[in-house]
Amino acid sequence: MIRQATKHDKKQIIDLIRLIRDESEIEELQFENEEQWNRLLDTMLAGAGIIYIEDGKGLIMGLITPSVWCDKSLILHEVMWFVKKEYRKSTIGYRLFDAYVKYGKKLKDEKRIKYFVMGKLPTSPNIKYEKYGFKKTDESWIQ
């Protein structure tokens, strides 16, 4: 069952972050930083974001931050979306994504955010983001 995470989920969220790190080829993720992870989770769980979780299987996290272009505009940024390998052929990933999209739309409807963002890594599922109202605006390249 997909549900909104609470402070009582921090240990299992950190365990999932470690799995993300272990599977990632992104250099920035290749170290242990539980202190930073706890600060991020505390911020998000205090209301500056959202974490949806399927216990022991996966999560999606979004952080609300001011736009770099206009500090009066708040944006919901997807921070991580992860499903354990053994559950990737199930509907968990889609249901996590759907919860995030519904939350983003709710915040937009309430005028709490200007827009919300979903990232796509080379390892991300091949979802037709346009079907959910997203439009591609850029690509990020890392060297």
Side-chain angles (χ1 to χ4, degrees), residues 1-69 71 73-142:
M1 177 181 85
I2 305 294
R3 63 178 178 79
Q4 188 173 341
T6 71
K7 65 182 180 181
H8 303 290
D9 296 306
K10 282 176 65 175
K11 183 189 178 316
Q12 91 167 287
I13 292 168
I14 288 174
D15 289 344
L16 288 167
I17 290 171
R18 285 188 177 105
L19 288 175
I20 294 166
R21 177 204 58 205
D22 294 345
E23 285 188 23
S24 176
E25 295 179 10
I26 299 173
E27 187 176 328
E28 183 178 17
L29 300 180
Q30 299 306 313
F31 59 91
E32 182 78 14
N33 196 346
E34 191 167 336
E35 185 179 318
Q36 166 61 17
W37 300 339
N38 272 295
R39 280 193 305 268
L40 174 65
L41 295 177
D42 288 343
T43 298
M44 295 173 88
L45 293 168
I50 191 73
I51 304 171
Y52 287 108
I53 194 163
E54 171 89 19
D55 288 321
K57 298 178 182 175
L59 58 73
I60 194 166
M61 300 169 57
L63 179 65
I64 299 170
T65 63
S67 165
V68 296
W69 306 112
D71 64 355
S73 296
L74 296 178
I75 315 302
L76 174 65
H77 292 272
E78 176 256 330
V79 174
M80 61 184 72
W81 177 28
F82 179 78
V83 176
K84 286 182 172 179
K85 283 183 182 181
E86 60 267 31
Y87 300 105
R88 290 186 185 156
K89 299 288 184 197
S90 71
T91 62
I92 293 169
Y94 166 76
R95 290 184 289 122
L96 289 164
F97 173 76
D98 187 59
Y100 174 82
V101 169
K102 285 178 180 171
Y103 182 72
K105 286 181 178 179
K106 178 180 179 282
L107 292 181
K108 274 182 65 177
D109 290 347
E110 294 171 354
K111 307 264 190 262
R112 293 177 54 201
I113 62 170
K114 184 87 172 175
Y115 58 87
F116 59 103
V117 177
M118 188 71 198
K120 183 163 182 2
L121 297 172
T123 57
S124 296
N126 195 18
I127 289 179
K128 302 273 187 232
Y129 291 96
E130 300 86 358
K131 178 179 171 183
Y132 299 93
F134 290 95
K135 63 181 177 181
K136 184 177 179 179
T137 59
D138 60 18
E139 290 185 38
S140 296
W141 296 78
I142 298 174

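Computed from a prediction, not measured in an experiment: that's the story for all the values here. Atoms considered below: every heavy atom in the structure, side chains included; atoms not considered: hydrogens, waters and symmetry mates.
Rounding to the nearest 0.5 Å places CZ of R88 at 6.5 Å from NZ of K85. One finds the CG atom of L76 at 8.5 Å from the OG1 atom of T65 (value rounded to the nearest 0.5 Å). Distance check, rounded to the nearest 0.5 Å: CD of E54 to CE of M1 gives 8.0 Å. One distance of note links CE of M61 with CD1 of I53; it measures 9.5 Å at 0.5 Å rounding. Rounded to the nearest 0.5 angstrom, K120 NZ and F134 CZ are separated by 13.0 Å. Here the CG-CD1 distance, from N38 to I17, works out to 8.5 Å after rounding to the nearest 0.5 Å.
Considering only residues two or more places apart in sequence or on other chains, D15 meets the salt bridge (Lys or Arg N to Asp or Glu O under 4.0 Å) condition with K11, R18. Listed by chain and residue number, E110 satisfy the side-chain hydrogen bond (donor to acceptor under 3.5 Å, both in side chains) test with K106 (two or more places apart in sequence, or in another chain).
Between E23 and F82, some side-chain heavy-atom pair lies under the 4.5 Å cut-off. With contacts defined as side-chain heavy-atom distances shorter than 4.5 Å, the pair L16/K84 qualifies. By the 4.5 Å heavy-atom criterion applied to side chains, D55 and D9 are counted as neighbours. Looking at heavy atoms from C-beta onward, I14 lies in side-chain contact with L41 at the 4.5 angstrom threshold. At least one side-chain heavy atom of F116 sits less than 4.5 Å from a side-chain heavy atom of Y100. The shortest side-chain heavy-atom distance between L107 and I64 falls under the 4.5 Å cut-off. Within the 4.5 Å cutoff, side-chain heavy atoms of L59 are placed close to those of M80. Within the 4.5 Å cutoff, the side chain of M118 has no heavy atoms near those of the I127 side chain.
In this structure, Q12 contributes its side chain and G56 its backbone to a donor-acceptor pair below 3.5 Å.
Note on residues 41-53: pairs passing side-chain hydrogen bond (donor to acceptor under 3.5 Å, both in side chains), not counting sequence neighbours, are K10-D42.
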Worked check of side-chain contact (heavy atoms from CB on, under 4.5 Å) between V117 and E78:
CA-CA 6 Å; V117 177; E78 176 256 330; 5.9 Å; no

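For Q36, the CD atom counts as densely surrounded, since its 6.0 Å shell holds more than 12 non-hydrogen atoms of other residues, nucleotides or ligands.
Note on ring orientation: taking the six-membered ring where Trp is involved, the planes of Y94 and Y132 are tilted (angle from 30° to 60°).
Each of T6, I51, I50 was compared with L45 under the side chain to side chain contact (heavy atoms under 4.5 Å, CB included) criterion, and only I51 meets it.
Here the shortest heavy-atom pairing between I92 and I2 reads O-CD1, 4.3 Å. The two atoms that bring A48 and L63 nearest to each other are O-CD1, 3.1 Å, heavy atoms only.
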